[in-house]
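If you're wondering where the values come from, they're calculated on a predicted model, not measured in any experiment.
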Amino acid sequence: NPFRDSQELWMPSLKAVEGVSVEDMAGQFAGLVLNKIRVAGVTEDAALDQVKAELIEQMTNVSKLEAEDATFATDGQEGLMRQALVTAENEYGDQPVGEGVNKITLYVDAVMEMIKNNNLPNLIKETDAQRERDLTTQLRFDNQDLNPGNE
């Protein structure tokens, strides 16, 4: 068996990590922002700020884990944050750092801009359109007994 002594089979953390683009990360978290707006009832800016803080915290925690041990899992949420760190380093690693500004915050700022300007408006339109379709279907179903010939 060629995989008998392969560490990659048993330790998926040894896989190469290539990074995750700002666009993909925005697509991943736009739904969370919309959920905070619709379910938790917060404003768009407050929702964006909450998700931004959560992403920065998660990426910082994974960065600390990575510094301590480079062989933790690459799948799931930790793996996603690890890949985000790779992209943050590639894209913003040479940017000047200051108080509260580093490669992680610059990357997350770009993700939040993408969500605010592109993903969130489209997601709201899609969600509203789906809700309208569902409501129309439900109304047709409810009214079919009253008007059987209604299409």
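Rounding to the nearest 0.5 Å places CD1 of Ile115 at 8.0 Å from CZ of Phe29. Atom-to-atom distance recorded for Gln95:CD and Lys103:NZ is 12.5 Å, nearest 0.5 angstrom. A distance of 11.5 Å separates CG in Leu135 from CD in Gln130, rounded to the nearest 0.5 Å. One finds the OG1 atom of Thr105 at 10.0 Å from the OH atom of Tyr92 (value rounded to the nearest 0.5 Å). To the nearest 0.5 angstrom, Leu85 atom CG is 11.0 Å from Gln58 atom CD.
Side-chain contact between Glu57 and Met81 is absent, with no heavy atoms from C-beta onward closer than 4.5 Å. The closest side-chain heavy-atom distance from Leu120 to Val33 is below 4.5 Å. For the pair Asn118/Glu23, no side-chain contact is recorded, criterion being any heavy-atom separation below 4.5 Å from C-beta on. Annotation: side chain of Asp45 is in contact with side chain of Lys116 (closest heavy-atom distance under 4.5 Å).
Comment: Lys36 does not engage Glu44 in a salt bridge, judged by the lack of any side-chain N to carboxylate O separation of less than 4.0 angstrom. Note on Asp109 versus Lys52: salt bridge recorded, some NZ/NE/NH1/NH2 to OD/OE distance being below 4.0 Å.
Of the possible polar contacts, none joining the Ser63 side chain to the Met59 backbone as a donor-acceptor pair under 3.5 Å is found. Not one N or O on the side chain of Asn35 forms a donor-acceptor pair closer than 3.5 Å with the backbone of Gly31.
Nearest heavy atoms, Met112 versus Leu48: SD-O, 3.4 Å. Between Ser21 and Tyr107, the closest heavy-atom pair is O-OH, 3.7 Å. Of all heavy-atom pairs between Ile37 and Thr43, the closest is CG1-O, 4.1 Å.
Side-chain contact, Glu126 with Asn122: no donor N or O sits under 3.5 Å from an acceptor N or O.
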* Begin with the C-alpha distance, continue with both residues' side-chain angles, and end with the deciding distance and a verdict on side chain to side chain donor-acceptor pair (under 3.5 Å) for Gln28 and Asp24. => CA-CA 6 Å; Gln28 185 78 18; Asp24 289 343; over 6 Å; no
* To do: For the pair Thr60 and Ile104, evaluate side chain to side chain contact (heavy atoms under 4.5 Å, CB included) and give the outcome as yes or no after the intermediate values.
  => CA-CA 8 Å; Thr60 302; Ile104 293 174; 4.0 Å; yes
Item checked: Residue pair Leu80, Met25: steps toward the side chain to side chain contact (heavy atoms under 4.5 Å, CB included) verdict -> CA-CA 9 Å; Leu80 180 63; Met25 197 70 154; 4.0 Å; yes
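In the hydrophobic clustering of ILVMFWY residues, with side-chain heavy atoms under 4.5 Å counting as a link, Val42 and Leu32 come out apart.
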